Amino acid sequence: MKHIDTVTQNSEATYNDEDDGYVDTTVKHIYDTSQYFFNWKPDASVPFIKEKIAQHGLTDAAVNGFKKDDDFWYIPAIEKLEARLKSDLHFRDSLLHARNRELVDERQNSILYQPWFNNLLWVAMIVIFSAAVIYFLMQNKVNIFSRNATAAAGENNGDEYEDIFSLSYTKLIQNAEKQNDYRVAIRLMFLQTLKLLSDVNAIQYQPDYTDQQYLQQLYESTYYDDFFKVMHSYEYVWFGKFDITTERYAVIKNEFIKLQNRIR
């Protein structure tokens, strides 16, 4: 056990008159007290003695005598090996090469470094990743090969309402509302809005145009803000496939009516 102590401090601190700074007058005394730690004392209340324990060294003759003792049989062998390592470079290199060969052999025999095991890991990771993607698509009811997926990417659906200029919007919207199919009703109102905008030459309608393209065409018109609002509601309900309440449908329908009344 080793203990380094102590710090003694002079309580008489002084000040420097020139800069009014405090002058530290601490005096540090560091000395080794380990020589006192293991002195025997008859009772815990008795203070440690102040005399140092006499240190005894071993003579060379005593050390050599220990080396010849059977209990220390390994010392001559270690000294001989150390001497040879220092003097015989070929011997030292041969030990290093032998150790390297041992490490290589261990690596070659380990299953972790086998080519087939690495291939198996790659296959397992690909299978797990593919399964995770399929599970995500199924949980979110996404079909990347369906026409709805194309619409979700921002393209208009080529469905039964493709010819927006020949539809009976009032009747179709009323039928959708009777069936509480508010998604279809909102889609019909959006197509009706596109028709009205096309009738007044505010937009150039094309079946393959995206909603963003129509919005860009209205950028400098007075319809831009209102169209952006109804387009956002339409895409949220139709492409997001979200069911909405009657109250929410009434709010969205009122936004469409407000815009359409401005167009007519």
Side-chain angles (χ1 to χ4, degrees), residues 93-164 167 172-173 175-194 203-219 227-249 251-253 255-256:
D93 292 340
S94 66
L95 291 180
L96 292 175
H97 291 320
R99 179 54 183 164
N100 291 335
R101 285 195 301 269
E102 182 180 353
L103 293 175
V104 171
D105 293 340
E106 290 179 357
R107 181 171 180 174
Q108 290 177 348
N109 294 329
S110 175
I111 189 176
L112 298 177
Y113 297 97
Q114 299 301 320
W116 65 266
F117 183 76
N118 292 331
N119 295 334
L120 180 63
L121 285 179
W122 276 107
V123 171
M125 288 189 292
I126 293 173
V127 170
I128 293 174
F129 176 78
S130 302
V133 172
I134 294 173
Y135 176 78
F136 173 80
L137 295 178
M138 292 179 62
Q139 288 296 108
N140 291 273
K141 299 180 181 180
V142 177
N143 184 357
I144 60 176
F145 303 105
S146 68
R147 298 170 69 181
N148 289 336
T150 303
E155 298 181 1
N156 289 323
N157 251 349
D159 54 15
E160 64 271 23
Y161 306 131
E162 182 175 358
D163 186 5
I164 67 172
L167 297 177
L172 291 172
I173 292 173
N175 290 338
E177 290 176 343
K178 290 178 182 180
Q179 300 174 9
N180 293 328
D181 194 348
Y182 299 133
R183 289 184 65 249
V184 171
I186 290 175
R187 173 162 175 74
L188 286 167
M189 286 188 290
F190 183 76
L191 297 178
Q192 185 182 32
T193 303
L194 292 180
I203 64 170
Q204 180 182 1
Y205 175 80
Q206 292 293 337
D208 58 344
Y209 276 6
T210 66
D211 301 337
Q212 291 294 330
Q213 288 175 300
Y214 294 127
L215 183 65
Q216 290 175 1
Q217 293 183 41
L218 296 171
Y219 181 72
F227 182 81
F228 176 81
K229 185 183 297 184
V230 297
M231 183 191 75
H232 177 74
S233 299
Y234 160 66
E235 291 183 343
Y236 175 82
V237 175
W238 182 252
F239 296 134
K241 298 183 179 180
F242 292 108
D243 295 326
I244 60 174
T245 63
T246 304
E247 294 75 15
R248 180 57 184 164
Y249 170 71
V251 173
I252 297 175
K253 181 179 180 179
E255 293 174 350
F256 274 104

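None of the values given here were measured: they were computed from a predicted structure.
Within the 4.5 Å cutoff, the side chain of E177 has heavy atoms near those of the K253 side chain. Considering only heavy atoms from C-beta on, T246 comes within 4.5 Å of Y182 through its side chain.
In terms of the side chain to side chain donor-acceptor pair (under 3.5 Å) criterion, S130 has no residue partners (sequence neighbours excluded). Qualifying ring pair (Phe, Tyr, Trp, His ring centres under 6.0 Å) partners for F256, counting only residues two or more places apart in sequence or in other chains: none. Listed by chain and residue number, nothing satisfies the side chain to side chain donor-acceptor pair (under 3.5 Å) test with Q204 (two or more places apart in sequence, or in another chain). Scanning for side chain to side chain donor-acceptor pair (under 3.5 Å) contacts around D243 gives an empty result, with sequence neighbours left out. For T245, the side-chain contact (heavy atoms from CB on, under 4.5 Å) criterion is met by E247, R248, not counting sequence neighbours. Not a single ring pair (Phe, Tyr, Trp, His ring centres under 6.0 Å) links F129 to another residue, sequence neighbours left out.
Summarising the geometry, atom OH belonging to Y205 is positioned 4.5 Å from atom CD1 belonging to I164; distances are rounded to the nearest 0.5 Å. The distance from atom OH of Y234 to atom CZ of R183, rounded to the nearest 0.5 Å, is 9.0 Å. Distance OH/Y209 to CD/Q217: 6.0 Å, rounded to 0.5 Å. With rounding to the nearest 0.5 Å, the separation of CE in M189 from CD in E255 is 9.5 Å.
Here the two rings, on F190 and F227, have centers that are under 6.0 Å apart.
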